[in-house]
Number of protein chains: 2
Amino acid sequence: MAVHKREQFTEAEQQLATIAKALGHPARVAILKLLAKRQACVCGELVLELPLSQSTVSQHLKELKAAGLVQGEVDGPRVCYCIDPAGWARARQLLGGLLAELPNTNNCC
Amino acid sequence: MAVHKREQFTEAEQQLATIAKALGHPARVAILKLLAKRQACVCGELVLELPLSQSTVSQHLKELKAAGLVQGEVDGPRVCYCIDPAGWARARQLLGGLLAELPNTNNCC
DNA sequence: GTTTGCAATCGTAAATTTACGATAAACGAA
DNA sequence: TTCGTTTATCGTAAATTTACGATTGCAAAC
């Protein structure tokens, strides 16, 4: 596009969109679910579980980290990933807010 | 990318990703909130409320419709948009499921 | 210090997204 | 029928996303 106009939306809208965008790929959803299920969350294990190359998984992890949903901790030669508690709390707040704001009723014309 | 590998993920993961992707732009979040707030949901009013051109708003509406989150009904020369009750129920189910599945606890290494 | 193994980054290519103006299509009104 | 209003679509351009192999960087082990 010619120019981004994101700055014209509210902070909450942008944050929610950023989080939703991070969730907007099945690989990243799968990664989050794997991180939630296992205690161990080493990058290499994720690669084994996913139908993607190491570099692609690493890229998805980077995006989840950029969105604040995941954090990584160096553990020797490995990196241990896990859900970022603060970021996920914010995601929970924003997504929950949207679910509350858009009630499950038909208000169509 | 060379090849899409979405088919290697579960149906639920793909559906959730599709919904999240649709929510992954502040304009679309804003549109959904406007549709929830107002009863009237004519396309032209959305254009007036948003810092985007008519064609761009129409394109965002098309994506929301493709994701099943919104439905449009022709009303004379106008089109009346509203939240799609069935699609939003599915979104609620999948997002709610993710919120439940990833508890707000730090399980990091 | 050298090697080994794991993960991040680089370089690249193809597909998709975003945005806009211009045009077309659809409908009611004159 | 013709005109004006409203919305969708087309055409286009720039930016971003997705994916992979190859390379680099890093930390422990030897």
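Here is how names work: the chains are called A, B, and so on, in the same order as the sequence lines, proteins then strands, and each is numbered from 1.
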### Message
The side chain of A/Ser55 is closest to which nucleotide in this list: D/dA19, D/dT7, D/dA22?
### Response
D/dA22
### Task
Check the distance between D/dC26's P and A/Glu73's CD and give it to me in whole angstrom.
18 Å
#### Entry: Length of the line joining A/Gln71:CD and C/dA7:C1', which is rounded to integer Å
17 Å
### Query
Is there a donor-acceptor contact under 3.5 Å linking the side chains of A/Ser55 and A/Ser58?
no
### Query
OP1, OP2 of C/dA19 versus side-chain N and O of B/Thr56: anything below 4.0 Å?
no
### Task
Figure out the CG/P separation between A/Asp75 and C/dG5, and round it to whole Å.
18 Å
### Query
Tell me: CG of A/Leu64 to C1' of C/dA7, nearest whole Å?
16 Å
### Message
Please report the distance, rounded to the nearest Å, between CG in B/Leu23 and P in C/dT18.
### Response
12 Å
### Message
Given 3.5 Å as the limit, does a donor-acceptor pair link the side chain of B/Gln14 with the main chain of B/Phe9, or not?
### Response
yes
### Of the listed nucleotides D/dA28, C/dA8, D/dT9, the one nearest the side chain of A/Pro77
D/dA28
### Query
Can you find a side chain N or O atom of B/His60 that sits less than 4.0 Å from OP1 or OP2 on C/dT17?
no
#### Entry: Sidechain-backbone polar pair: B/Glu13 side chain, B/Thr10 backbone, donor-acceptor under 3.5 Å
yes
### Query
Taking N and O atoms by type only, does the side chain of A/Gln54 place a donor or acceptor under 3.5 Å from a partner on the base of C/dA8?
yes
## Note on the structure
Picking from D/dA22, D/dT9, D/dT7, the nucleotide nearest the side-chain atoms of B/Lys62 would be D/dT9
#### Entry: Atom-to-atom span, CD of B/Glu63 to P of C/dT18 - whole angstrom
5 Å
### Summary
From CD of B/Gln59 across to C1' of D/dA14 the rounded distance in Å is 14 Å
### Task
For C/dG28, take OP1 and OP2 only and decide whether either is under 4.0 Å from a side-chain N or O of B/Arg78.
no
#### Entry: B/Leu52 side chain, from C-beta outward: closest of D/dT18, C/dA8, C/dC20
C/dC20
### Query
Do A/Cys82 and A/Leu35 have side-chain heavy atoms sitting under 4.5 Å apart?
no
### Query
Is a donor on one side and an acceptor on the other found under 3.5 Å between the side chain of A/Arg92 and the backbone of B/Leu102?
yes
### Message
Taking the minimum atom-to-atom distance to the side chain of B/His25, which one of C/dG28, C/dT18, C/dT9 wins?
### Response
C/dT18
### Query
Hey, does the side chain of A/Lys21 come within less than 4.0 Å of D/dT17's phosphate (OP1/OP2), counting only N and O?
yes
### Length of the CG-C1' vector between B/Leu46 and D/dT6, whole Å
13 Å
